[in-house]
Amino acid sequence: MKYISTRGDKSPKHFCDILLEGLAPDGGLYLPESYPQVNDETLSRWRVAYHNQGYAELAFEILSLYIDDIPAADLKALCAKTYTSEVFGTGEIVPLRHLENNLWLEALSNGPTLAFKDMAMQLLGNLFEYELGRRGEELNILGATSGDTGSAAEYAMRGKKGVRVFMTSPFGRMSPFQQAQMFSLMDDNIFNIAVDGVFDDCQDMVKAVSNDLDFKRQYRIGTVNSINWARLLAQVVYYFAGYFQATELNTQKVSFTVPSGNFGNVCAGHIARMMGLPVAKLVVATNENDVLDEFFTTGVYRVRTSADTQETSSPSMDISKASNFERFVFDLLGRDGARTKALFGDALQRDGRFDLSQHQAFNDARLRYGFESGKSTHADRLATIKDTFERHGMMIDTHTADGVKVALEHLQAGVPMIVLETALPIKFAQTIVEATGQEPDRPAKFIGIEALPKRVTRMAADVGAIKAFIVAHCQ
Ligand SMILES: *Cc1c(COP(=O)(O)O)cnc(C)c1O
């Protein structure tokens, strides 16, 4: 399997070449040159594998179609080490829970940081350690976080050989629970940096360091952001696992509703469907930051300014542009790299928007690729959390609530609808209390974490300061 760029660069790369990279050199995103096709027989074999041998075996089957530069025995061992009931809480790893009629929740949030990003990041940690070890190299991951991504990255990389994590976050802006989760890590290779500023200041510092190519090369700076292909690939697996739990026969179809921000999660669903998973619809749920809902209803993709991006009670979906969306548009345009470049490299830079409403591609998004969308507001979120709690005795988090609200608007008779649960309610306790009047349950291992000692360095929003910090801790 070789990988190509969405902007036309076809110089073929293998999985491990792009594992540690971000963007392709032409500014595009990596995708496999074709999607492996899964026939009925394979689907049946995987169904049995998942039920009998478990999630790690299913992950190995799917990953091996995309990875040909890690020996099978090693890849199998990496999957087995990653997807354990110790780390993810249950043997099924991603159990389905029934809500009502044809509506299901797929639990993706029982990993170390209680959000679905663990599903991919835990694998990435093991892949990084493996590949860096094989090359005899080191990597310094530099990132900016307002919550979920940073903690998932730290819990994935803690204690891993050859990797250090330098994670910036805006001082005093994360919830006490999120701060406790990150700052209580005492591992030697994890560095928390609280920046005097907002999230954008953190991101600007990271960009400035990455743009200093000499520094980047000398200190081996890397990232783990959501455009990383390996993260997307890891997410493809749970679409299959959800399908095998909701159906008994391969002739049945299911739909998924995905609380979306950067379009990474639902893009993995698109890839699963392109491989042949029997999916009826992929429903994109957004919050008030409705860049994606706007595209799927009007054909216009318009990125927002930071001033135009709202702070909501489902903060991990507060995006101004959807960084993985280019991958889907590349497929939508018949994998035409020049046209994708004209839209993302040129039009978007120039006008901040592009319009596909008059193109066949826009109809294809719905008719050929099964995409639909909807949006949810703070009031919807509160009502959905309350209703789900009162009628089903189940607490759901704010992002998942956006998904349930939109899923209910897209049900089809006879087709199970699976909403991906992207976080646990304890991470967003304030809104849960607002909706239900009750504190959400706290998993036993998180009791009292706010009182643990914290390891964090406070810093001005200054590029020189972060560079000096990295240099000092790279010895
Ligand atoms: C990251 C995140 C999302 C958005 O996922 P994308 O892959 O960016 O679309 C939704 N919910 C939660 C809780 C998240 O952490």
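Just so you know, these numbers use all the heavy atoms, side chains as well, and skip hydrogens, waters and symmetry mates. Everything numeric in this text was worked out from a predicted model, so none of it was measured. Each ligand, and each atom within it, is numbered from 1 in the order the structure gives. Along the sequence shown, residues carry numbers from 1.
- D118 and G111 make their closest contact through OD2-C, 3.2 Å (heavy atoms, listed as atom of the first residue, atom of the second, distance).
- Ranking the protein heavy atoms by distance from atom 4 (C) of ligand 1 puts G261 N, 3.6 Å first.
- Within ligand 1, counting atoms from 1 as listed, the ones closer than 4.0 Å to a heavy atom of G264 are 6 (P), 7 (O), 9 (O).
- With ligand atoms numbered from 1 in the order given, ligand 1 contributes 6 (P), 8 (O), 9 (O) to contacts under 4.0 Å with heavy atoms of F263.
- Closest to atom 1 (C) of ligand 1 by heavy atom, among K117, E421, M317, is K117.
- Here the protein heavy atom with the shortest distance to atom 8 (O) of ligand 1 is N262 N, 2.7 Å.
- Of the options D402, T422, T398, a side-chain contact (heavy atoms from CB on, under 4.5 Å) to M317 is made by D402 and by none of the others.
- The shell of residues lying under 4.0 angstrom from ligand 1, judged by heavy atoms, excludes S226.
- Taking the charged nitrogens against the carboxylate oxygens, E326 and K321 have no contact shorter than 4.0 Å, which rules out a salt bridge.
- Proximity to A423 (heavy-atom distance under 4.0 Å) selects the following atoms of ligand 1: 13 (C).
- Under a 4.0 Å criterion applied to the non-hydrogen atoms of P259, ligand 1 contributes the atoms 4 (C), 10 (C).
- Each of the atoms 2 (C), 3 (C), 4 (C), 12 (C), 14 (C), 15 (O) of ligand 1 lies under 4.0 Å from some heavy atom of S316.
- Between E154 and R158 there is no salt bridge, since no side-chain nitrogen of the basic residue lies less than 4.0 Å from a carboxylate oxygen of the acidic one.
- Side-chain contact between F263 and F328 is present, with heavy atoms from C-beta onward closer than 4.5 Å.
- Listed by number with element, the atoms of ligand 1 under 4.0 Å from a non-hydrogen atom of D148 are 13 (C), 14 (C), 15 (O).
- Residues R302 and R304 have side chains in contact (heavy-atom distance under 4.5 Å, counting atoms from C-beta outward).
- Looking at R353 and E294, no side-chain N of the basic residue comes within less than 4.0 Å of a carboxylate O on the acidic one, giving no salt bridge.
- Between the side chains of Y35 and D331, at least one donor-acceptor pair of N or O atoms lies under 3.5 Å.
- Nearest protein heavy-atom neighbour of atom 11 (N) of ligand 1: T422 OG1, 3.0 Å.
- Residues D293 and K375 are not paired through a salt bridge, judged by the lack of any N-O separation under 4.0 Å between the basic side chain and the carboxylate.
- Nearest protein heavy-atom contact of atom 7 (O) of ligand 1 is N265 N, 2.9 Å.
- Annotation: atom 5 (O) of ligand 1 to nearest protein heavy atom, F116 CZ, 3.5 Å.
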